[in-house]
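Ligands are counted one by one from 1 in listed order, and the atoms in each one are counted from 1 as well. Predicted, not measured: the structure shown is a model, and the values here were computed from it.
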Amino acid sequence: MDGNGRWAASRHLPRLAGHREGARAVRRTIEAAIDQGIGWLTLYAFSSENWRRPQAEVTDLTGLLRQYIRSELAELAEAGVRLRIIGETARFPADIRADLRAAEARTAGNTRLNLTIALSYGARAELAAAARALARDVRAGTRDPETIDEAALARQLFTAGMPDPDLLIRTSGERRLSNFLLWQCAYAEFVFQDVLWPDYDAARLAEALAEFAGRERRFGARPG
Ligand code: IPE
Ligand code: MG
């Protein structure tokens with residue numbers, strides 16, 4: 001979800017206004033995803049690298065996150081959304097961590113939309129942590145290195161048990177992955193849209209889905 005700052009700047013507003021509008025776009029997009037029958041939606045809300053932004057902006061984003069969970073949880077739960085958080089959430093204040101855990105627990109029985117929010121997420125850190133966990137098992141004598149295959153590594157990731165993304169959408173005209181789900185996106189289709197995130201809506205999602213539907217996916221196999 002990219003372009004909040006540029007959206008605000010183009011209106012001579014503070015960046016926080018862009019992030020606020022971005023939160024409204026999150027709400028619209030979740031509704032649109034449900035309407036489209038999408039089963040899994042993962043939103044990259046805050047990267048490991050975003051901690052390096054000016055302290056005031058980090059505080060604004062943390063505040064918005066706290067507000068978002070408190071104001072949206074009941075409705076998400078009601079709509080049949082199951083919430084999961086991926087990322088190094090230990091870096092957030094204790095009250096937010098508690099709210100996130102409670103939200104995951106409250107929605108654990110829902111099946112309509114699996115909504116994952118990536119918070120303080122970085123794929124390289126995730127992969128390094130997986131390697132450490134496997135190495136610890138080997139050192140403890142509970143794992144034979146020869147059993148470390150793709151499935152064993154995938155089980156150590158935040159996304160263990162989740163399907164790999166079919167489609168990755170990046171907004172605001174940037175054409176980068178920015179350390180998002182590097183392992184999981186091995187065969188994802190990428191769609192880049194120029195729209196700034198605060199302007200994202202059902203029509204933009206439908207456009208991305210239409211582009212995805214036109215792609216031929218071979219997963220490395222010979223054209224059939
Ligand atoms: C995305 O918008 C929101 C977060 C990364 C939290 P940006 O803040 O990156 O907006 P731009 O890229 O400056 O326009
Ligand atoms: Mg950006």
Side-chain angles (χ1 to χ4, degrees), residues 1-33 40-73 76 81 83-93 95-97 99-100 103-104 115-127 158-159 165 167-182 184-185 188 190-205 207-208:
M1 301 185 287
D2 202 5
N4 295 354
R6 279 162 283 170
W7 184 93
S10 73
R11 285 164 177 74
H12 308 287
L13 295 169
R15 292 179 64 85
L16 175 59
H19 294 315
R20 279 214 186 96
E21 203 56 38
R24 288 188 196 106
V26 166
R27 189 194 169 97
R28 281 197 298 276
T29 305
I30 291 170
E31 281 170 14
W40 296 80
L41 175 68
T42 300
L43 300 174
Y44 200 4
F46 193 90
S47 75
S48 312
E49 291 70 30
N50 286 153
W51 291 110
R52 293 202 287 255
R53 291 194 177 191
Q55 185 55 49
E57 185 172 359
V58 168
T59 303
D60 282 347
L61 286 167
T62 310
L64 264 183
L65 172 62
R66 180 182 286 116
Q67 217 176 298
Y68 180 84
I69 305 157
R70 291 186 183 163
S71 65
E72 302 290 307
L73 176 61
L76 290 172
V81 173
L83 182 71
R84 291 181 180 83
I85 306 297
I86 59 172
E88 295 177 305
T89 48
R91 295 181 71 175
F92 287 101
D95 69 309
I96 292 187
R97 282 188 339 252
D99 284 353
L100 291 172
E104 287 180 309
L115 172 67
T116 303
I117 303 185
L119 291 171
S120 189
Y121 174 84
R124 287 182 170 182
E126 177 185 40
L127 287 162
F158 290 122
T159 51
L167 166 63
L168 178 130
I169 299 170
R170 181 156 188 169
T171 61
S172 86
E174 306 291 353
R175 286 160 164 76
R176 290 188 293 279
L177 197 45
S178 297
N179 205 13
F180 187 56
L181 300 178
L182 297 182
Q184 298 86 339
C185 281
F190 286 28
V191 169
F192 298 105
Q193 294 178 292
D194 287 338
V195 57
L196 301 176
W197 176 252
D199 291 326
Y200 212 79
D201 61 9
R204 299 313 189 135
L205 180 64
E207 267 171 36

Start with the C-alpha gap between Y121 and F180, add the side-chain angles, then the distance that decides, and say whether side-chain contact (heavy atoms from CB on, under 4.5 Å) holds.
CA-CA 8 Å; Y121 174 84; F180 187 56; 4.0 Å; yes
Would you check if the Mg ion (ligand 2) lies under 2.8 Å from any N, O or S atom of E174?
no
Got a sec, which residues hit side chain to side chain contact (heavy atoms under 4.5 Å, CB included) with L16, two or more places apart in sequence or on another chain?
R20, D60, L64
Nitrogen or oxygen contacts under 3.5 Å, ligand 1 side and protein side:
unit_1   : atom_1 : unit_2 : atom_2 : d
ligand 1 : 2 (O)  : G3     : N      : 3.4
ligand 1 : 2 (O)  : N4     : N      : 3.1
ligand 1 : 8 (O)  : R15    : NH2    : 2.8
ligand 1 : 8 (O)  : R53    : NH1    : 2.7
ligand 1 : 9 (O)  : D2     : OD1    : 2.9
ligand 1 : 9 (O)  : R53    : NH2    : 2.9
ligand 1 : 10 (O) : N4     : N      : 3.1
ligand 1 : 10 (O) : G5     : N      : 2.8
ligand 1 : 12 (O) : D2     : OD1    : 2.9
ligand 1 : 12 (O) : R6     : NH2    : 2.9
ligand 1 : 13 (O) : R15    : NH1    : 3.2
ligand 1 : 13 (O) : R15    : NH2    : 3.1
ligand 1 : 14 (O) : G5     : N      : 3.3
ligand 1 : 14 (O) : R6     : N      : 2.7
ligand 1 : 14 (O) : R6     : NE     : 2.7

R124 atom CZ: more than 12 heavy-atom contacts under 6.0 Å:
no
Please check if any side-chain donor atom of R204 sits under 3.5 Å from a side-chain acceptor atom of T171, or the reverse.
no
Within the side chain of E104, is there an N or O that forms a donor-acceptor pair under 3.5 Å with the backbone of I85?
yes
Measure the acute angle between the ring planes of W51 and F46, then classify it against the limits of 30° and 60° as parallel, tilted or perpendicular.
perpendicular
Describe, in one word, how the ring planes of F190 and F192 are oriented to each other, choosing from parallel (under 30°), tilted (30 to 60°) and perpendicular (over 60°).
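Perpendicular: the ring planes of F190 and F192 meet at over 60°.
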Quick check: of its N, O or S atoms, which one does D2 have closest to the Mg ion (ligand 2)?
OD1
